A.B. asks: 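Below you'll find the structure I mean.
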There are 2 protein chains.
Amino acid sequence: MKTVAELSELLRARGQKVTTQRQHIFHALEGNTFHPSADQVYEAVRRDVETISLKTVYQTLNELVAMGELAALDVGTGTVRFDPNVELAHHHLVCSRCGEVCDVNMELPELSLPDAAAQGYRVSSVEVVFRGVCRRCQGGTRRRAGDGKELS
Amino acid sequence: MKTVAELSELLRARGQKVTTQRQHIFHALEGNTFHPSADQVYEAVRRDVETISLKTVYQTLNELVAMGELAALDVGTGTVRFDPNVELAHHHLVCSRCGEVCDVNMELPELSLPDAAAQGYRVSSVEVVFRGVCRRCQGGTRRRAGDGKELS
DNA sequence: CTTTGTGCAAAGCCTTTGCACTCGC
DNA sequence: GCGAGTGCAAAGGCTTTGCACAAAG
């Protein structure tokens, strides 16, 4: 993701306001590799700006997604996660106990569908999700509160 | 997925009741390749058993998932989809307009993570989602009502 | 006859929306 | 000052839960 300064510039160029709240949200995302949920961003920003509302967070995150500066990721943990890393294509590792999401920093074989298998779809992206149990959850049975849905 | 008869047998063996409602739910799933949502199963069964409640459908589907006879699939369309095809590993094609989910009937290269990339995870499954626009949505801009969330 | 399942309605969670006030530009 | 942005609270969609009644074994 771009830096706070670059994003502010981008907003101004688009005729949008650069507010304190938005800058704090940008700051919370910059270089963040934890794939936070909207609520986690809200909690993080609230430590600095106590009065910020969840609506502002959702709205700002959705704008960033629309601008293509942020990726929304729904990996079945019950909440949408946001990934600031939109520059290079990468895949994810999801813990089915605690819901943690990790980047996979490895080149995977090129995945493409021959026309025969595409069934008429115009395919625009591929997403690979590895599911398993993270190191922390393997030792002990504790779970991070309020997360993890155990789909399969 | 197993047949209605096999599933009924399985329930009996587990000491669970084989009710008319459950058999109709099994029937609606058998050989179904549309990846229906709970609500779609509900609507389908309601054509035969008018008084069935949504709770019964959710409960039965969740039991089948727990038994491993049905797969729950959250591909970011806003509702969990159910996939009766649990026998052989396969991947999915999701329409980002209408939310339709198709099976990909093709062998993909073996995807595995070397320990270095697994970051301590004990990986148990891999899921590949191809996103794009289905044939129907490419011609015309109409969308299937009440579906499709446009994540990215 | 007992235990499990059912139906209805109400609650829960995440996300979005309506409206008056505030602040960046 | 004007209009986009903000905060609060309330609504919306999907899924789960509580309780009394009905049905399966």
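If you're wondering where the values come from, they're calculated on a predicted model, not measured in any experiment. The sequence lines fix the lettering, A, B, ..., with proteins before strands; numbering per chain opens at 1.
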A.B. asks: To the nearest Å, how far apart are A:D74 CG and D:dG13 C1'?
C.D. replies: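 Atom-to-atom, A:D74 to D:dG13, this comes out as 14 Å.
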
A.B. asks: Run A:V94 and A:F130 through side chain to side chain contact (heavy atoms under 4.5 Å, CB included) and show every step you take.
C.D. replies: CA-CA 6 Å; A:V94 178; A:F130 293 89; over 6 Å; no

A.B. asks: Taking atom CD of B:E87 as the centre, does the number of heavy atoms from other residues, nucleotides or ligands within less than 6.0 Å exceed 12?
C.D. replies: yes

A.B. asks: Is the phosphate of D:dT6, meaning OP1 or OP2, less than 4.0 Å from a side-chain N or O of A:T19?
C.D. replies: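 A:T19 to D:dT6 OP1/OP2: side-chain N or O found under 4.0 Å.
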
A.B. asks: Among D:dT6, C:dC8, C:dT15, find the nucleotide with the atom closest to the side chain of A:Q59.
C.D. replies: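 The answer is D:dT6.
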
A.B. asks: Which whole-number value in Å describes the distance from A:I52 CD1 to C:dT22 C1'?
C.D. replies: 15 Å

A.B. asks: When you check the side-chain N and O atoms of A:D103 and A:H35, is any donor under 3.5 Å from an acceptor?
C.D. replies: yes

A.B. asks: Counting only side-chain heavy atoms from C-beta out, which of D:dT6, C:dG5, C:dG7 sits nearest to A:T60?
C.D. replies: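 Out of D:dT6, C:dG5, C:dG7, the nucleotide with an atom closest to A:T60's side chain is D:dT6.
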
A.B. asks: Is there a side-chain contact between A:Q21 and the phosphate of D:dG5, meaning an N or O under 4.0 Å from OP1 or OP2?
C.D. replies: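 For D:dG5, OP1/OP2 do not have a side-chain N/O of A:Q21 under 4.0 Å.
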
A.B. asks: Whole-Å distance between C:dT3 C1' and B:R14 CZ?
C.D. replies: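 Those two atoms, CZ and C1', are 16 Å apart.
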
A.B. asks: Tell me whether A:K2 is salt-bridged to A:E30, with the criterion being a basic N under 4.0 Å from an acidic carboxylate O.
C.D. replies: no

A.B. asks: For the side chain of A:Y58, counting heavy atoms from C-beta on, which of D:dA24, C:dC8, C:dT16 is nearest?
C.D. replies: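 The answer is C:dT16, which lies nearest to the side chain.
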
A.B. asks: Starting at CD of A:Q23, measure out to CG of A:D48 and round the result to the nearest 0.5 Å.
C.D. replies: 12.0 Å

A.B. asks: CZ of B:R81 versus P of D:dT15: gap in Å, rounded?
C.D. replies: 10 Å

A.B. asks: Could you tell me the separation between the NZ atom of A:K55 and the C1' atom of D:dG5, rounded to a whole number of Å?
C.D. replies: 9 Å

A.B. asks: For A:R22 and D:dT6, is the shortest distance between a side-chain N/O and OP1 or OP2 below 4.0 Å?
C.D. replies: yes

A.B. asks: Counting side-chain heavy atoms from CB outward, which of D:dT15, C:dG7, C:dG24 is closest to B:V80?
C.D. replies: D:dT15

A.B. asks: Any side-chain donor-acceptor pair under 3.5 Å between A:E100 and B:Y121?
C.D. replies: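 Yes, side-chain donor-acceptor contact under 3.5 Å.
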
A.B. asks: Whole angstroms only, please: what is the CZ-P distance between B:R46 and C:dT6?
C.D. replies: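 Rounded to whole Å, this separation is 16 Å.
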
A.B. asks: For B:G15 and for B:T56, find the nucleotide of DNA chain C with the closest heavy atom, then tell me which residue's nucleotide is more 5'.
C.D. replies: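 The residue closer to the strand's 5' end, by nearest nucleotide, is B:G15.
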
A.B. asks: Taking only side-chain N and O atoms of A:T51, does any of them lie within less than 4.0 angstrom of OP1 or OP2 on D:dG7?
C.D. replies: yes

A.B. asks: Taking the minimum atom-to-atom distance to the side chain of B:K17, which one of D:dA23, C:dT15, C:dC25 wins?
C.D. replies: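 The answer is D:dA23, which lies nearest to the side chain.
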
A.B. asks: Considering heavy-atom distances to DNA chain D, does B:S37 or B:R12 have its closest nucleotide positioned more toward the 5' end?
C.D. replies: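 It is B:S37, whose closest nucleotide lies nearer the 5' terminus.
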
A.B. asks: If we fit an axis to the first five pairs and another to the last five of the helix from C:dC1-D:dG25 to C:dC25-D:dG1, what angle do they make, to the nearest 10°?
C.D. replies: 30°

A.B. asks: Expressed as a whole number of angstroms, how long is the span from B:L54:CG to D:dT15:C1'?
C.D. replies: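 Computing the B:L54:CG to D:dT15:C1' distance gives 8 Å.
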
A.B. asks: Is a side-chain donor-acceptor pair under 3.5 Å present for A:H90 with A:D83?
C.D. replies: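 Note: A:D83 and A:H90 side chains meet the donor-acceptor criterion.
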
A.B. asks: Would you kindly give the CG-to-P distance between B:L61 and C:dG5, to the nearest whole Å?
C.D. replies: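 About 14 Å, once rounded to whole Å.
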
A.B. asks: What is the nucleic acid contact for A:N62, judged by heavy atoms within less than 4.0 Å: base, sugar-phosphate only, or nothing?
C.D. replies: sugar-phosphate

A.B. asks: With rounding to the nearest 0.5 Å, note down the distance linking CD in B:E9 to CZ in B:R12.
C.D. replies: 5.5 Å

